Amino acid sequence: MKRREKGSGLYLDKETGELVSYAEMKAMGGLETVPVEVKRDSPLQAYFKRDIEKDIVICPMGQTLFYAGPGQPNGKKDPTIRRYHRLSACSKCPNKCTLGKRRIISFKEGETRKDENFYAKARENKIVRKTNHRFKAITLSEEESSWDEWVILRFYPNQQHLRKRNTIVEHPYGTVKRWYGAGYLLTKGKVKVAAETALSFLAYNFRRVVNLLGINGVMDMVMA
């Protein structure tokens, strides 16, 4: 059992399926990067410029980017944040400002300009690429993210005990299906299905008691 540090996020470990804190993710190499040699020429302008009236954005290479929906900073759509991109322009651009297929730029309400430092980093050989894709950030709801602490439970099952338990627990279900024709349910709804299942296993338990104690033994217990 571990406590999440206040203000930190949660991450899913794709290999183990566990939830880990930011500090744990960082300690396991989740932020590892390697330098990438990128050659870029100077752009026409060192910023993205937004035209609010036309609702377009001009990228550093003079290409026009179009509105592509609201931003989602916390997993929820925020209409005050507007995203812009254009895949056809980025895919053909010989001097694009990203290592990916396209660049998505977001503007807040009233914002008209955003400086771009990708080209400056490329000249100084400071472009890096993430190498560890083992972890995935978990988006928390507004209520969950406001909590000061989270408790992360670790469960490591004993496979030998599980196999033994399966031989004990799973057998009655197959027996009930074969003996009483309970391969499917006749009712619908949680309450009705629970009642039907309970009746099936009540009959199974009576049959087991008779097999174990015999009719005389059962009658003696009933009359006692």
Side-chain angles (χ1 to χ4, degrees), residues 1-32 68-79 81 83 130 132-224:
M1 181 180 296
K2 298 184 180 180
R3 294 193 179 275
R4 183 176 72 99
E5 298 178 359
K6 183 176 180 181
S8 66
L10 289 177
Y11 295 82
L12 174 65
D13 188 337
K14 298 178 183 179
E15 293 184 2
T16 63
E18 296 180 352
L19 291 178
V20 298
S21 66
Y22 175 83
E24 292 173 312
M25 180 271 293
K26 183 178 180 180
M28 290 186 284
L31 300 181
E32 291 180 355
Q72 302 180 19
N74 296 317
K76 294 183 179 180
K77 294 182 179 180
D78 187 349
I81 300 177
R83 297 184 306 149
K130 187 176 180 181
N132 192 331
H133 302 280
R134 175 179 172 182
F135 300 94
K136 177 183 178 182
I138 301 298
T139 302
L140 301 177
S141 65
E142 183 176 354
E143 180 182 359
E144 293 170 334
S145 60
S146 64
W147 293 358
D148 292 342
E149 290 183 337
W150 271 72
V151 176
I152 302 176
L153 300 178
R154 300 282 193 264
F155 175 64
Y156 301 98
N158 189 314
Q159 296 298 330
Q160 293 182 351
H161 288 176
L162 282 178
R163 284 193 289 268
K164 184 177 179 181
R165 177 60 62 86
N166 289 340
T167 61
I168 298 174
V169 176
E170 295 297 333
H171 174 71
Y173 288 94
T175 304
V176 168
K177 288 181 179 181
R178 290 194 300 271
W179 282 3
Y180 306 108
Y184 57 91
L185 298 169
L186 301 176
T187 56
K188 294 182 179 181
K190 184 176 180 180
V191 177
K192 296 179 180 179
V193 167
E196 181 182 348
T197 305
L199 289 174
S200 296
F201 279 92
L202 178 62
Y204 169 81
N205 289 333
F206 271 118
R207 182 73 174 270
R208 287 282 294 157
V209 170
V210 171
N211 291 339
L212 293 173
L213 302 179
I215 296 178
N216 293 332
V218 174
M219 293 305 298
D220 291 341
M221 294 182 63
V222 171
M223 300 301 293

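Nothing here was measured: the structure is a model prediction, and the numbers come from that model.
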>> Measuring from atom CD of Glu18 to atom CZ of Phe135, what distance do you get when rounded to the nearest 0.5 angstrom?
In response: 10.0 Å
> Can you tell me how far CG of Asn205 sits from CZ of Arg207, rounded to the nearest 0.5 angstrom?
Replying inline: 12.5 Å
Is the shortest side-chain heavy-atom distance between [X] and [Y] below 4.5 Å?
X: Val20; Y: Leu10; value: no
X: Phe201; Y: Phe206; value: no
X: Lys188; Y: Val193; value: no
X: Thr197; Y: Leu185; value: yes
X: Glu32; Y: Lys130; value: no
X: Thr16; Y: Arg134; value: yes

> Which heavy-atom pair separates His133 from Lys14 by the least distance, and what is that distance?
Replying inline: O-NZ, 3.5 Å
> For Arg83 and Pro70, which heavy atoms make the closest approach, and how far apart are they?
Replying inline: NE-O, 3.3 Å
>> Tell me if a side-chain donor or acceptor on Asn132 pairs with a main-chain N or O of Gly29 at a distance below 3.5 Å.
In response: yes
> Do any N or O atoms from the side chain of Glu196 and from the backbone of Thr187 form a donor-acceptor pair under 3.5 angstrom?
Replying inline: yes
>> Checking Val209 against Met221 for the side chain to side chain contact (heavy atoms under 4.5 Å, CB included) test, could you report, in this order, the C-alpha distance in whole Å, the side-chain angles of both residues, the deciding distance, and whether it holds?
In response: CA-CA 11 Å; Val209 170; Met221 294 182 63; 5.6 Å; no
>> Are more than 12 heavy atoms, taken from residues, nucleotides or ligands other than Ile215, located less than 6.0 Å from that residue's CD1 atom?
In response: no
>> Can you classify the ring geometry of Tyr22 versus Tyr11 as parallel (below 30°), tilted (30 to 60°) or perpendicular (above 60°)?
In response: tilted
